[in-house]
Amino acid sequence: MTNMNMVEAVNSAIDTMLSKDEDVIMFGEDVGYFGGVFRTSDGLQEKHGKHRVFDSPLSEGGIAATAFGMGINGLRPVVEIQFADYIFPAYDQIVNEMAKVRHRSGGEFWCPVTIRTPAGGGIRGGHHHSQSPESQFTHTPGLKVVYCSTPYNAKGLLISAIEDNDPVIFFEPKRCYRGPFYGDPHNVPTWSDHPEAEVPESHYKIPLGEARLAIEGDSCTVISWGAMVHVCERAIKDSGVSCDLIDLQTLVPWDMEAVVKSVAKTGRCVIVHEAPKTSGFGAEMAASIQERCFWNLESPIERVTGWDTPFPHTTEWDYMPGPDRVIAAIVRTQED
Amino acid sequence: MTNMNMVEAVNSAIDTMLSKDEDVIMFGEDVGYFGGVFRTSDGLQEKHGKHRVFDSPLSEGGIAATAFGMGINGLRPVVEIQFADYIFPAYDQIVNEMAKVRHRSGGEFWCPVTIRTPAGGGIRGGHHHSQSPESQFTHTPGLKVVYCSTPYNAKGLLISAIEDNDPVIFFEPKRCYRGPFYGDPHNVPTWSDHPEAEVPESHYKIPLGEARLAIEGDSCTVISWGAMVHVCERAIKDSGVSCDLIDLQTLVPWDMEAVVKSVAKTGRCVIVHEAPKTSGFGAEMAASIQERCFWNLESPIERVTGWDTPFPHTTEWDYMPGPDRVIAAIVRTQED
Amino acid sequence: MEAKQYEQVESVVIMSGGDGVDPLYVPDAPHRPGDEADFTEWPWSPGDLGRPEIDCDASETLDLAEGLVRVLGDDNKTSGDWDPKLSPEVLIQGLEHMMRLRIFDDRMMKMQRTGKLSFYMRSFGEEAVAIAQTMALEERDWLFPTYRQPGAQFVRNRDMVSMICHCIGNEMDNVKGRQMPVHYTYKEGRFISVSSPVGTQFSQAVGVALASNYKGLDEVTITWIGDGASAEGDYHYALNFASIFQAPVILNVVNNQWAISTHKNFASKNGNFAVRGIPYGIPSIRVDGNDFLALYSVTSWARDRASKGFGPTHIEVLTYRAGAHSSSDDPSRYRPSDIHYYWPGGDPISRLSEHLKQIGKWSDKQHQELSEKIDSEVMAAYKEAVKFGDLANGPYPSSDAIFTEVYEEPPWHLIEQWDEMKKWRDSQ
Amino acid sequence: MEAKQYEQVESVVIMSGGDGVDPLYVPDAPHRPGDEADFTEWPWSPGDLGRPEIDCDASETLDLAEGLVRVLGDDNKTSGDWDPKLSPEVLIQGLEHMMRLRIFDDRMMKMQRTGKLSFYMRSFGEEAVAIAQTMALEERDWLFPTYRQPGAQFVRNRDMVSMICHCIGNEMDNVKGRQMPVHYTYKEGRFISVSSPVGTQFSQAVGVALASNYKGLDEVTITWIGDGASAEGDYHYALNFASIFQAPVILNVVNNQWAISTHKNFASKNGNFAVRGIPYGIPSIRVDGNDFLALYSVTSWARDRASKGFGPTHIEVLTYRAGAHSSSDDPSRYRPSDIHYYWPGGDPISRLSEHLKQIGKWSDKQHQELSEKIDSEVMAAYKEAVKFGDLANGPYPSSDAIFTEVYEEPPWHLIEQWDEMKKWRDSQ
Ligand SMILES: Cc1ncc(C[n+]2csc(CCOP(=O)(O)OP(=O)(O)O)c2C)c(N)n1
Ligand SMILES: Cc1ncc(C[n+]2csc(CCOP(=O)(O)OP(=O)(O)O)c2C)c(N)n1
Ligand SMILES: [Mg+2]
Ligand SMILES: [Mg+2]
């Protein structure tokens, strides 16, 4: 075990897979010589060769299409979209092509591509370096959707994603690359000393589809993913309410058993995400939970989310859910 | 009033706006000389001139980008995406650009573009001529999202969309172009004699954001949009249960008052849409309704939707929700 | 005659919007219903253009891209550097494949008209394209087609019954009723699954080629895109990635003049698609798409380049969509209905057949007999296929196929929905 | 010297993957840290290339696209057909704008380093581009820039205080703290809002131009895209739509050799962007982007074409990103840190200043004085701007600005969320 921040953990996952499987290949904007604008592929080109880790033209559509072709012809490409906001030029290739190719070809061709992308706010990125577009992809059958939150799960989930034979969209909360984020921009700890930053150097997997119970409690189920997991952790501590904190980790397929078990126990639920509220993945969670746990629910399921607006620059702390808003929601669930 | 099918009603709306406002201009694949593959712009080039209604290159991204530019420079473009499945190459231009330009420019530039697109299944279109991707767009702040269901609301809503100063994604249920669709492919009525096919020749508007109460009842609220409205109508009739049928018409902003009022009355709710279940707009409806009407609800909110799979070809009637599945859901809401 | 084949679009816009002048320039199609269909003669003849070395620079191919590679002359004889000197056996094989495709297409259209299939798209007039090009490749090469290249499957020996079953979408459809007709997939023949969104395969094919390259295999990938679809971003991605990473790929733009009702004047201002490859550093050629020999030859050259490590080739295949876009289309609404008879490239089947007669290897009688033989084969295949169900009457693939192969293993939510569907299905 | 400026990328891939040879070809950048920065001399001189008529065909511009339009020679004198013969007053005006931009950029970088702004992007080395080009246009023409053309605003008289307030994102920011710094919008100056996704403006600009055209107005639109971003689909859309509909638009590819750490060898195999316009039927020119006079001249020519109804012009602006990509970037990790000193195009400011001295209209003293004057103006503007708040200390625009202008009128769900936000804000 080594203490790693999330950048190092992601790097280690790719490194591990490049070493283990020569069908693994990695490319994207600035990922080669330079090692990526967030340094997640630092040193990998030098170690594994220019033909295995390389820069691509500045074209997300071209990156996805090329990965698709490599994927159906036997490779296992890992590509980086520099910011999740820039995945949209590749949207058609992802939702109409990658997601459907196994099914449309009667199983003759499939596409084991992993698309990694830093997502979410908190770095003063404004409209186009802050979005968290997971919900769109959860609506596309054929894709798996993962959102890591710690160095430990980043590596374990990323290895599972790369080894998976279906296309996986892998979101990395850029706000947490260098430390967990508890919602206070003025107090930014690093990952050193954090238990979830103890990461094995070697190969290990966290299965896709399994949630992580980050905190255990009785009175409310808080469900989150990505950077917001840490905000929820802080909120729960400060709320004084005994809560389960479920870090979903995989959004498709999500861990229904873990969620239902918890809500059946607590009868109350708060879902927290950064993306806008309307049709965010929180909507799916709330809809599904009321379907499955209707008779257990003691109060309305709350959603604490980004507003239904573009993501702002200087006022981003008034946009991103912080512990206060989460606490208020937890408390509201206890009132009724 | 004239009896029109939905193709004629859409045509009449565009014709009305081309006549009324010379800033209105229409283009898209095959919409010019030929009048569109669904004939929705039949005759309009001849009537209004080649510079006002014309074919475009086969490039949805280019169509959206060009419309964006025209929009911020004072025109009011109406563009057609030939099938909603083909809107994805334009996704970046729509969600990162059109949706945000008013906000990002501090109100200096805005984009009064209407993107019309035939959506939904029922024409044996398989994976890529059947999708109903409204949910994705409802998750994008800055867009309005409309889904018409009848000739009368097609024209009235389309005129509102064109006159609106924000970008509007306007879905037309292609299955209903030539007749309402009650879920039985072997019995396909036309719009003749249908009261909602009595359409004024002249200019009129149905305000965006207002739902239509298609049927009034007491025991269950059925919410739907697009082709599924007619399936719900048939299901309600056959169910023997007294239901409100809310045809949402506009998805963003949706008519919260109408929905809450109805669910407060009935205490039970079924949401029906064609798109896959996970993260469909039904999730947002269910999540919002349980937030707002928790104490009114007598049973879990049901969703009857397309499966979480690609849309099939020969077996499409096993994919699209039909009256049976809706009836079963209505009945389930009455059980508890 | 000196006249150029392509009508020039007007090049002047009057910005001031003077009387009677549209203030926005929009191109026209050259012929609309009621117009007299007429194409001026081609300026190009076989032998005009040399065959460069395979390691040539893109810039050395400018004349090939601006001109037209032909091998079969109007006199039905072959000539010039590009003559591939194929044996009569190969030519007869090619002729047979093309005839089979046309007869097959006609049969399928009849099936469509009688409700046995939902939809169909013919290759009418373009039969040579995929057939000659695929014959010029090795069997291990990858094909990444659009709906307009099903003929490649005949070259790769696909069973017609299986093709028809796909088009019907019946129980034996290897696509399991999931996609529309003509969306073939045939992995054994390295014919990659056709997808409806136009253009996407073009850029994907570059990835397929790079994977072969990465694995050190001497496999080439060939792909096609329409004149219309070349306006999609994928076209640009393909050329850029292919040239930068030197992919062993053959990138064909099949310019059949139309994208449904939209004329190629809306896809290219100057009507030439071939030349677009040159600034990307990709050797580029325009070839007569109705000339079996020229197509074969150009494709062999491109394969040779790719295989020897010289990277991609960009080819414009100049042809004419002789039929409707699809069974849903009625082209008489937007072009003269007899227009294809005037196409200077003529009919690829007659041209090859006339050539074979010219060299004494074919006769009307043989042609007639072959045609009858194929006709009965197609008929037999059709009868065999409908045994597994037709669209009007079923049986269809089980609706279980909706839930399988969405993922490698169905996750819990699909199993749940699948169960719900079964329960509902059983209750019918 | 005969050597070509651009390193050729290797053109041979060994597919067999022999010993020690990578089986997948990936280009290199010409210099990496530790390498000696060196660019061989340019083969191009002023006077090499003629100035064609504005109604020329695209094909007539091939030499202009393959060569380089220069006006200012190494001797600091102007020559050739492209000499725009500008008055010294105009040149001094241009020099002043460029100097202002550089001094402004340096001040902003200092502000960024001291936490007063979150982020910054300089135009260092590329100051001539937007300034000369905008000066060559009419005031009614539309500018659709990237983050690398803020200098155009000086030409259109934008107040520096307002620009700085935007970069801070303070209360006076006309973008209301919504976008990152350098994402200017300035409608009065017809400078259209900068957006982060690269490339999108290029195709949008064609729509802006077509709207002017549709309205019959003699307005031209100019837009820019980077060498890197030219790989996006939007580049292809722009060229295609512009040529087909003859849009009055000037399409510039600013080839500054880098896209962050990615060298232009990953954006174009042969290193020439200009020639790509020609197959679209668009007259295309490459111009020395550090030569104020050449830029001005080429842009005037393009404007004239557009205004007279001859449609789009495609221009490659050949330059070098002398600084870091942005304040987040450290180019010494991927290229020699002194590399920009070796760029044959030199410094656009010195070059214009030397020319003015050469013609006796400028002196070191004047230069020094102007520099000091601008410096104090910038300083004054900066002091004025921070009065409205800096990033470290606020005040920021009210968070109400999150909810306004998302739509023309906020719908109910935004009002509801806005109320929730206010309640929460008030409770802090
Ligand atoms: C992305 C996308 N947009 C639109 C369509 C609808 N469509 C199907 S074929 C076609 C025309 C294609 O023309 P072309 O590329 O020239 O190929 P051809 O049919 O002539 O072989 C169109 C517009 C589609 N399938 N995909
Ligand atoms: C669609 C998109 N992808 C990626 C990025 C991240 N990014 C910002 S600038 C840049 C490089 C742009 O290079 P170039 O186009 O050459 O312009 P330059 O910075 O050199 O002026 C990248 C990759 C982005 N902003 N938008
Ligand atoms: Mg075509
Ligand atoms: Mg650059």
Query raised in the report: Heavy-atom distance under 4.5 Å to chain C: side chain of Tyr237(D), backbone, both or neither?
Result: side chain

**Report entry** Residues that Tyr334(D) engages under ring-ring contact (aromatic ring centres under 6.0 Å, His included), provided they are two or more places apart
**Finding:** Phe34(A), Trp258(D)

Query raised in the report: Do the side chain of His236(C) and the main chain of Asp234(D) share a donor and acceptor less than 3.5 angstrom apart?
Result: no

Query raised in the report: Would you find a donor on one side and an acceptor on the other, under 3.5 Å apart, between the side chain of Asn272(C) and the backbone of Pro279(D)?
Result: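 No; judged by distance alone, with no hydrogens or angles, the pair does not exist.
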
Under 4.5 Å from any heavy atom of chain D, what part of [X] do you find: side chain, backbone, both or neither?
| X | result |
| --- | --- |
| Tyr280(C) | both |
| Ile278(C) | backbone |
| Phe273(C) | neither |
| Ala267(C) | backbone |

**Report entry** Min side-chain heavy-atom separation Pro27(D)-Phe245(C) under 4.5 Å
**Finding:**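 In contact.
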
**Report entry** Value rounded to 0.5 Å, distance of NZ in Lys269(D) from CG in Asn240(C)
**Finding:** 11.5 Å

Report task. Output the option from Ile244(D), Ile282(D), Val275(D) having the highest count of non-hydrogen pairs under 4.5 Å with chain C. Result -> Ile244(D)

